[in-house]
Amino acid sequence: MVRGLMKFPGISTKLLNISVDSLCKFRNLEKAETLLIDGIRLGVLPDVITYNTLIKGYSRFIGIDEAYAVTRRMREAGIEPDVATYNSLISGAAKNLMLNRVLQLFDEMLHSGLSPDMWSYNTLMSCYFRLGKHGEAFRILHEDIRLAGLVPGVDTYNILLDALCKSGHTDNAIELFKHLKSRVKPELMTYNILINGLCKSRRVGSVNWMLRELRKAGYTPNAVTYTTMLKMYFKTKRIEKGLELFLKMKKEGYTFDGYANCAVVSALIKTGRAEEAYGCMNELVRSGTRSQDIVSYNTLLNMYFKDGNLDAVDDLLEEIEMKGLKPDDYTHTIIVNGLLKIGHTGGAEKHLARIGEMGMQPSIATCNCLIDGLCKAGHVDRAMRLFASMEVRDEFTYTSVVHNLCKDGRLVCASKLLLSCYNKGMKIPSSARRAVLSGLRETVSHQAARKTHFKIKAAIECNALIYP
DNA sequence: GTAGGGTTAG
């Protein structure tokens, strides 16, 4: 290909850049490097764009250090990094929430006489938001950006709106939306961000209002809009309504990426409709649009486990390995849970150990499943040992342990744990409290139940004072 | 750089 480029001097570097970009997009960094070397050999010299493209690829798929190493190579070639170079590096660091690295790159950029642009600041703000440092993010918006003489664009507002929604400030997001319309034109993405936030906080009326706003602005809902709505229906147990929307999407000719399908399949599996789930998955495979990412594989894996189709499970695990996909926390949780469901408690425990051997920390969800499964199989002591070894626990952990301890007659232990939840201000379903109180009444005494009841009440009131 | 999909308790 590079030999061909030689016939077109002048545009050859441009073509080289396009080729490097396309190879990088498909994670093929090795080939991109080969192309670069071939080019130099034949006199097609890389420019700043070539190197920036390569850096973007490294920081997205390989690592920030590898990406940074390319800046040395470009300097050696006599090409100075520009703002785009730093933006690619910063976004790679921000993606991994490496705040110190992001700030260090910002400093370095300033020291080399470059001024961060709106893109740099957007990335920095989004990093602060995702780390929960909202104050810092707003300081960037109100001070740094203004001092730099830059004007926030619609993408800046998208980041702000998403952060507000995801931190539970949906009302502030709506207020901001009303104000921003005088400054920038909202994009379809802007509406989708808001619809997603409203769906997650189950504000159906506002969702419909936002959908009308979306159309009023001349947009048509896209696959993202619909998938967001699908999820809301499934989460509020309106399976039929969700399936209706799914059919409507298909009739309107939306091309399916895996997103909507995964949501539908998992909803069907959760409600025991395995046959329809298989149908949905097969359709995706037939149409050739089955996406090859780990999420789709997790969905399939869960489906086969829940259906007891263990041969398919084996084949799929093999396929994941062959494709070089990296199992994630979800994969491990599905496997552990699947093994427990078929009565393989030992296998599930072994799998948890294997996660550690692979140098990973098992997720809370994975441990929760194992704890619950061990209890249900009658191994409460083994479960409690795992519980004790966990550094972080969530409401699932406690709910499951409290219920299982009650079932096992260990009411003193159960009520102690339940109280610790209330003292921490942790949200715990009322069914756990009922299980403890009625257990105490039946197996200990009415008085013990009453005492615990008052302690719980006191803890709730205390928390109401702390977090009004 | 910013939007949608996958796991666990009752």
Side-chain angles (χ1 to χ4, degrees), chain A residues 56 87-88 90-95 102 117-127 129-130 153-163 165-166 187-197 199-200 221-232 234 249 256-267 269-270 284 291 293-303 305-306 328-338 340-341 363-373 375-376 393-404 406-407 428-435:
Chain A
K56 205 165 63 189
N87 283 346
S88 296
I90 289 170
S91 80
K95 198 173 221 142
V102 169
D117 62 8
M118 214 39 240
W119 191 300
S120 329
Y121 285 116
N122 282 344
T123 315
L124 178 59
M125 281 173 54
S126 131
C127 185
F129 276 129
R130 276 185 299 146
V154 62
D155 23 27
T156 312
Y157 288 107
N158 288 342
I159 292 167
L160 285 173
L161 290 170
D162 194 46
C165 287
K166 290 198 167 133
E187 301 173 326
L188 180 56
M189 192 190 277
T190 316
Y191 291 97
N192 282 341
I193 287 168
L194 285 160
I195 289 171
N196 184 43
C199 279
K200 295 263 153 78
N222 65 2
V224 176
T225 325
Y226 281 128
T227 313
T228 308
M229 305 281 298
L230 269 182
K231 275 286 293 175
M232 179 185 69
F234 292 147
M249 280 175 80
F256 286 110
D257 46 21
Y259 282 70
N261 270 277
C262 288
V264 169
V265 166
S266 72
I269 285 296
K270 270 195 191 113
L284 197 63
S291 51
D293 59 14
I294 191 68
V295 178
S296 322
Y297 277 99
N298 286 343
T299 310
L300 267 179
L301 195 62
N302 187 43
M303 179 176 92
F305 260 127
K306 290 274 158 73
D328 63 5
D329 289 339
Y330 283 86
T331 322
H332 294 306
T333 308
I334 290 164
I335 292 172
V336 165
N337 209 27
L340 289 165
K341 288 276 144 65
S363 74
I364 302 183
T366 312
C367 295
N368 289 346
C369 288
L370 190 51
I371 287 179
D372 195 61
C375 285
K376 291 204 166 114
R393 309 172 182 120
D394 63 7
E395 36 281 295
F396 279 91
T397 327
Y398 285 102
T399 310
S400 157
V401 166
V402 166
H403 268 106
N404 283 304
C406 285
K407 252 187 251 164
I428 194 112
S430 52
S431 63
R433 190 188 63 222
R434 282 196 302 272

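Values below: all heavy atoms of this structure, side chains included; hydrogens, waters and symmetry mates excluded. Proteins get letters first, then strands, A, B, ... in listed order; numbering begins at 1 in each.
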Problem - Within-4.5 Å side-chain heavy-atom neighbours: Ser431(A) and His403(A) - result: yes

Fill in the blank from the handout: Winner on side-chain proximity to Ile334(A), out of dG4(B), dT7(B), dT2(B), is dT7(B)

Fill in the blank from the handout: Of dG10(B), dG1(B), dG4(B), the nucleotide closest to the side chain of Thr228(A) is dG4(B)

Practice task
Under 4.0 Å between any heavy atoms, over every strand shown, what does Asp155(A) touch: base, sugar-phosphate, or nothing? Just pick one.
Solution key: base

Handout entry: Candidate list Lys200(A), Met232(A), Met229(A), test side-chain contact (heavy atoms from CB on, under 4.5 Å), partner Ile195(A), passing option
Key = Met229(A)

Exercise for the section: Starting at atom NZ of Lys200(A), determine the distance to atom C1' of dG4(B), rounded to an integer number of angstrom. Expected result: 7 Å

Exercise for the section: With the side chain counted from C-beta on, respond yes when Ile90(A) and Leu124(A) share a heavy-atom pair under 4.5 Å apart, and no when they do not. Expected result: no

Practice task
Pick base, sugar-phosphate or nothing for Lys376(A), based on heavy-atom distances below 4.0 Å to the nucleic acid.
Solution key: sugar-phosphate

Practice task
Have a look at Lys341(A) and say if it touches a base, only the backbone sugar-phosphate, or nothing, with a 4.0 Å heavy-atom cut-off.
Solution key: nothing

Exercise for the section: Would you mind reading off the distance between Phe234(A) atom CZ and dT7(B) atom P, rounded to a whole angstrom? Expected result: 12 Å

Exercise for the section: Using a 4.0 Å heavy-atom cut-off across all strands, classify Ala365(A) as base, sugar-phosphate, or nothing. Expected result: base

Problem - Asp394(A) CG - dT8(B) C1' separation (whole Å) - result: 8 Å

Exercise for the section: Report yes if some heavy atom in the side chain of Tyr259(A) is under 4.5 Å from a heavy atom in the side chain of Val224(A); otherwise report no. Expected result: no

Handout entry: dG4(B) pyrimidine/purine six-ring stacking with Tyr259(A), under 5.5 Å and 30°
Key = yes

Handout entry: Rounded distance in Å - CG (Leu188(A)) to P (dG4(B))
Key = 13 Å

Problem - Separation of dG10(B) P from Tyr398(A) OH (nearest whole Å) - result: 18 Å

Practice task
With sequence neighbours excluded, tell me which residues meet ring-ring contact (aromatic ring centres under 6.0 Å, His included) with Tyr226(A).
Solution key: Tyr254(A)

Practice task
Determine the contact category for Asn404(A): base if any of its heavy atoms lies under 4.0 Å from a base atom, sugar-phosphate if only primed atoms, P, OP1 or OP2 are that close, otherwise nothing.
Solution key: nothing

Practice task
Check if the side chain of Ser296(A) and the base of dG5(B) share a donor-acceptor pair of N or O atoms closer than 3.5 Å.
Solution key: yes

Fill in the blank from the handout: Testing dG10(B), dG1(B), dA3(B) for proximity to the side chain of Pro429(A), the answer is dG10(B)

Exercise for the section: Please state how far atom CE in Met232(A) lies from atom C1' in dG4(B), giving the value in whole angstrom units. Expected result: 13 Å

Exercise for the section: Counting heavy atoms from C-beta on, name the nucleotide in dA3(B), dT2(B), dG10(B) closest to the side chain of Thr399(A). Expected result: dG10(B)

Problem - Atom-to-atom span, CE of Met229(A) to C1' of dA3(B) - whole angstrom - result: 14 Å

Practice task
Could you check whether Asn87(A) gets within reach of a base, just the sugar-phosphate, or nothing at all, counting any heavy atom under 4.0 Å?
Solution key: nothing

Completion exercise
Among the nucleotides dA3(B), dG5(B), dT8(B), whichever has the atom closest to the side chain of Lys231(A) is dG5(B)

Handout entry: Lys95(A) vs Ser91(A) side-chain heavy atoms within contact, under 4.5 Å
Key = no

Exercise for the section: Would you classify Thr333(A) as touching base, sugar-phosphate or nothing, given that sugar-phosphate means primed atoms plus P, OP1 and OP2, and contacts are heavy atoms under 4.0 Å? Expected result: base

Exercise for the section: Send over the distance from Lys306(A) NZ to dT7(B) C1', rounded to a whole Å. Expected result: 8 Å

Practice task
Could I get the full list of ring-ring contact (aromatic ring centres under 6.0 Å, His included) partners for Tyr191(A), not counting sequence neighbours?
Solution key: Phe177(A), Tyr219(A)

Problem - dT7(B) base stacked by Tyr330(A) (centroids within less than 5.5 Å, tilt under 30°) - result: no

Exercise for the section: Mark yes or no for a side-chain to base donor-acceptor pair under 3.5 Å between Asn368(A) and dT8(B), with no hydrogen or angle criteria applied. Expected result: yes

Problem - Nearest to side-chain heavy atoms of Thr227(A), which nucleotide of dA3(B), dA9(B), dG5(B) - result: dG5(B)

Practice task
May I ask you to verify whether the side chain of Ser400(A) and the base of dA9(B) hold a donor-acceptor pair under 3.5 Å?
Solution key: no

Practice task
Considering just the side-chain nitrogens and oxygens of Asn196(A), establish if one lies under 4.0 Å of OP1 or OP2 belonging to dG4(B).
Solution key: yes

